[in-house]
Each structure stands twice: as structure tokens, then as C-alpha cells.
Amino acid sequence: MPIQQFMQTYKRAWETSDEHLLASLFAPDGCYHNTPFAVQRGHEQIRQYWQRTKLQKDIVLSFDILDAAPTRGIAHWHTTYQVTSEEMFAMWASSSGTNALARQPGDPLPRLALDGIALIELDDGGLCQHLRLWWHSVIDG
């Protein structure tokens, strides 16, 4: 699968919160490195991790392919979404190093923006062996 097609499907999987579509991009032993220090291996762990997207709404992802070859690629991606639960806000705050205490009780949940780089390694059959993400996030607006 070409990198452009991979990223189009990744975009659709995120915007629709479809963990099965996301897992279909990966080889059975494929690895999703959601940060440099965390990895989900195999379809089950990837699907389980992707459940967090169900705590987001109005998800919009855009991307640009920076480099492409038959079995690898680099993409710059940008995502915005509305946080829909305190649980999602707490996950974001802990993963981003943001001070969750700065948000007062009863304040509306924020819309977030994430901007990052994806390094994609495909096997000979076109399935992802490794997706490595580096990203940063801010409150959007």
C-alpha cells in the first residue's frame, strides 16, 4: 500500500474512531508507537489503544507526505478534536505534561490541536510493521 493510501486510511480511522479500520493497516505483529516511549503491538493492543478516540468528536485530520518510498514514508499530520469527557482530558493532560489543575471545575472541555510527524515502515505486502509518531498538543482556540 502506498504511503498516501496508508495516511488516507489512517485519517478515516481517526475521524470515524474506527479501531478495526486502524488495525487493518497493520501486519499481525505490527507496532503502533504512539509516542517514542509507548508501543502497542499487534491488532488487539492497537484496537484497545484506539478506543480513546471514542472520547473525541468533531475530529479533523490533515496531512502532507514529506517522503515516500515503496516500503516507508514520512508524513506531517495535524489533528483537531473536541474533548468529550473528563477522562479524555485527564489522559491528554498526563501525556502532554500540561497542568490539568489549571482548568477549573465546571470549565468547558477544550478543543485540542495535535501536530506531529509519522514515520511509516511497511512490509513487502504493504501492511504497516511500525508507525512511529512524534507530536505536540495545545488547546485549540
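Quick caveat, the model's predicted, so the values are computed rather than measured. Note that these values count all heavy atoms, side chains included, but never hydrogens, waters or copies made by symmetry. Just so you know, residue 1 is the first one in the sequence shown, and it goes up from there.
- In this structure, the side chains of R41 and D29 stay at 4.5 Å or more apart for every pair of heavy atoms.
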Please report the C-alpha distance between S17 and I59 in whole Å, then the side-chain angles of each, then the deciding distance to 0.1 Å, and finally whether the side-chain contact (heavy atoms from CB on, under 4.5 Å) criterion is met. CA-CA 9 Å; S17 300; I59 304 163; 3.8 Å; yes
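- Within a 6.0 Å sphere centred on NZ of K57, other residues, nucleotides and ligands contribute 12 heavy atoms or fewer.
- Residues W134 and W77 keep their aromatic ring centres 6.0 Å or farther apart.
- Side-chain contact annotation: H136 with D115, donor-acceptor N/O pair under 3.5 Å absent.
- Using a 4.5 Å cut-off between side-chain heavy atoms of Ile, Leu, Val, Met, Phe, Trp and Tyr, with links allowed through other members, L21 and Y32 fall into different hydrophobic clusters.
- For the atom pair CG (L25) and NE2 (H20), the distance works out to 13.5 Å, reported to the nearest 0.5 Å.
- Closest heavy-atom contact between L127 and A27: CB-N, 3.6 Å.
- Shortest non-hydrogen contact noted between D123 and T71 is O-CG2, 4.2 Å.
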Apply side-chain contact (heavy atoms from CB on, under 4.5 Å) to residues W135 and T79 and explain how you reach the verdict. CA-CA 10 Å; W135 54 272; T79 303; over 6 Å; no
Carefully, step by step, assess E19 and K54 under the rule side-chain contact (heavy atoms from CB on, under 4.5 Å). CA-CA 9 Å; E19 71 274 16; K54 296 181 186 309; 2.9 Å; yes
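- Nearest heavy atom pair, residue T80 against residue A113, reads CG2-CB, 4.0 Å.
- Taking 4.5 Å as the limit, every side-chain heavy atom of Y81 sits out of range of all side-chain heavy atoms of D58.
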In sequence, state the C-alpha distance, the side-chain angles, and the governing distance for R111 and V83, and then conclude on side-chain contact (heavy atoms from CB on, under 4.5 Å). CA-CA 6 Å; R111 183 165 184 81; V83 175; over 6 Å; no
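- A continuous path of Ile, Leu, Val, Met, Phe, Trp and Tyr side chains, each step under 4.5 Å between heavy atoms, connects W14 with F63, placing both in one hydrophobic cluster.
- With values rounded to the nearest 0.5 angstrom, H130 atom NE2 is found 4.5 Å from C31 atom SG.
- Each of L119 and I65 belongs to its own hydrophobic cluster when Ile, Leu, Val, Met, Phe, Trp and Tyr are linked at side-chain heavy-atom distances under 4.5 angstrom.
- Ring planes of F6 and F26: perpendicular class, angle over 60° (limits at 30 and 60°).
- Taking all atoms of both residues into account, the shortest heavy-atom contact from V39 to N34 is N-OD1, 4.3 Å.
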For Q56 and Q82: C-alpha separation, side-chain torsions, deciding distance, then whether side chain to side chain donor-acceptor pair (under 3.5 Å) applies. CA-CA 6 Å; Q56 305 166 359; Q82 177 64 48; over 6 Å; no
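- Centroid-to-centroid, the aromatic rings of W50 and Y10 come within less than 6.0 Å.
- Closest approach of H43 to A23, counting heavy atoms only: NE2-O, 3.3 Å.
- The two residues L133 and P36 have their closest heavy-atom pair at O-CD, 3.8 Å.
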Go through E44 and R47 one step at a time and tell me if the salt bridge (charged side-chain N to carboxylate O under 4.0 Å, His left out) criterion holds. CA-CA 5 Å; E44 185 57 35; R47 282 192 299 265; 3.1 Å; yes
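- The hydrophobic cluster containing L114 also contains Y49, counting ILVMFWY residues as joined when their side-chain heavy atoms lie under 4.5 angstrom apart, directly or transitively.
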